[in-house]
Amino acid sequence: MSHSRRQSLARQRVSYTGETHNQARHALGRLHPAGPPIPHASLDQAALEAALFLQLGRIDHSPWPTGAPAFGVTSLTPYRDELVIRIAKPFLPDVIAHIMPTCAGDDSGEIYGVVGLRAHPGNDHVILYRPGVDGRIRIPVRPADWDKAALVGLGYWWEDVQTPWLTHPVEWHPAERAFIDAWPRRLAIGGDFYRDSAFISALLRRVHLLHGTDVDYWQMWINSHPGEGYDVHLLWANGGEHTVVVDRLRDPLFGLDFEDTALHDQLCECGPDVQCYIKLIHHDAERRHRLFLRRSTEARRGIDDCHPSLRSWEERQRQRREQLCATYGY
C-alpha cells in the first residue's frame, strides 16, 4: 500500500474507530493491501465481540456525563483475530462490572456478563478471552489499574455476587457451563448466535460513529429470529443525526452492505419523546439482519430538575462511588 493511499484511508477510518491518525495509519500497515480498511473478524473473534457488545449495550449510563464516549469506548483498533478497545478511565469500573461474568449468590443459576470471559494481565494491557476458544480483546490499561477499577465497579454495581473470572481465572466455572446448557442457542460455543455474530461484530468495529459531544446515553439490544437473523437496535439520545450515521454505514469502502433503508417516526414506548429511527437491511450469508438506528430527542434531566427524593438518592450514589474510588486508590 502506497504512503499516500494509507494516509488517505487513515483520515477516513478515524471517524469509524476513534483512533488517532497515527494509530490508524500504523494499523493499516499491518493489513493486506487488497483487504478492507476495517477488517472482518474471524468466526471466533466475531462471536466474542458480539457477546461483549451486547453487555456494553446494557450498561446503565446514568452516572456518566453528557458527551462521554459511546459505551465508554474512546477508540478501537480491529484486526482479524484481535480487537483493541481503549476505554476511558472514569468508565472502566462500569465496563468491567458489566462484561466480566458474575452470578448471584442464590440458586437462580443466572450468569451476568460475557459467560466464560477471563482477564489475563500483560505489562501494559489486559487480554480478555474465553479459555479454550480463539478470539481476544486487548484493553490497554495497567493491570494494577484494572484491578482497582474492578473493585470499584463490583462494589458499586453488585452486592453478594460471585465472580467466576476471579475464582476460576483460567478455566470455566461449573455454573457457567450449566448456564450455557440451559441456553444453548444463545450461548453455546458454535451455537446459532455464535455463528451469526459477524454483523454485530462489524457494528462494534464502527461504534465511534455514535460518538458526540452532546450525546446523553446509548443503548443496544437485539431481537432474534431463529433461522432468519437478528434485529439489532442502536439507540442514542441527541447527538449526531441519522443521515450522518447512515451515510457512513453505507460507505462503499468503510461501511456495510445494506440493501434497503426506510425512515420512520415512532413514539417511544417508555416516554413522550419522539424517536426517529431508520431501518437498514443487511444480508449475511443465508441470514437477513435488520439494523434499527433510533435517535431520541429527549434531553437528560439535570439533578436539579429531579424530585427531591431522587436528587438525594443520586447524590448518595455519587458519594458512594467517590468513596469507593478513594478506598481503592482509583
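Residue numbers run from 1 in the order of the sequence given.
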TODO: With sequence neighbours left out, write down each residue that passes ring-ring contact (aromatic ring centres under 6.0 Å, His included) with Phe91, or none if nothing qualifies.
DONE: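 Expected list: Trp64.
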For residues 163-175, tabulate all N or O donor-acceptor pairs below 3.5 Å that involve a side-chain atom, not counting sequence neighbours.
unit_1	atom_1	unit_2	atom_2	d
Thr167	OG1	Thr163	O	3.3
Trp172	NE1	Pro131	O	2.9
His173	ND1	Ala175	N	2.9

Task: Closest heavy-atom pair and its distance - Trp158, Thr102 - done: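 Heavy atoms of Trp158 and Thr102 come nearest at CZ2-OG1, 3.5 Å.
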Would you say [X] and [Y] make side-chain contact, with heavy atoms under 4.5 Å?
X: Leu204; Y: Leu83; answer: yes
X: Val84; Y: Gln23; answer: no
X: Leu28; Y: Leu31; answer: yes

For [X], give me all partners under salt bridge (charged side-chain N to carboxylate O under 4.0 Å, His left out), at least two apart in sequence or on another chain.
X: Asp192; answer: Arg195
X: Asp81; answer: none
X: Arg13; answer: Glu19

Open item on the list: Determine whether a donor-acceptor pair (N or O, by modelled atom type, separation under 3.5 Å) exists between the side chain of Ser8 and the backbone of Ser4.
Closed with: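 Flag not set: sc Ser8 to bb Ser4 has no pair under 3.5 Å.
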Is it true that, when you exclude [X] itself, more than 12 heavy atoms of the residues, nucleotides or ligands shown sit nearer than 6.0 Å to its [atom1]?
X: His21; atom1: NE2; value: yes
X: Arg320; atom1: CZ; value: yes
X: Gln7; atom1: CD; value: yes

Open item on the list: Between Glu176 and Arg118 (salt bridge meaning N to carboxylate O under 4.0 Å), is one present in this structure?
Closed with: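 Yes, charged N to carboxylate O under 4.0 Å.
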- [ ] Output the distance between atom CG (Asp124) and atom CD1 (Ile139), rounded to the nearest 0.5 Å.
- [x]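 Going from CG on Asp124 over to CD1 on Ile139, the span is 12.5 Å.
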- [ ] Could you check whether the rings of Phe53 and Phe71 sit parallel, tilted or perpendicular, using 30° and 60° as the cut-offs?
- [x]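 Rings of Phe53 and Phe71: perpendicular, as their planes differ by over 60°.
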Task: Sequence neighbours excluded, every pair satisfying side-chain hydrogen bond (donor to acceptor under 3.5 Å, both in side chains) that has a member inside residues 178-189 - done: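 Those involving residues 178-189 are Arg185-Ser224.
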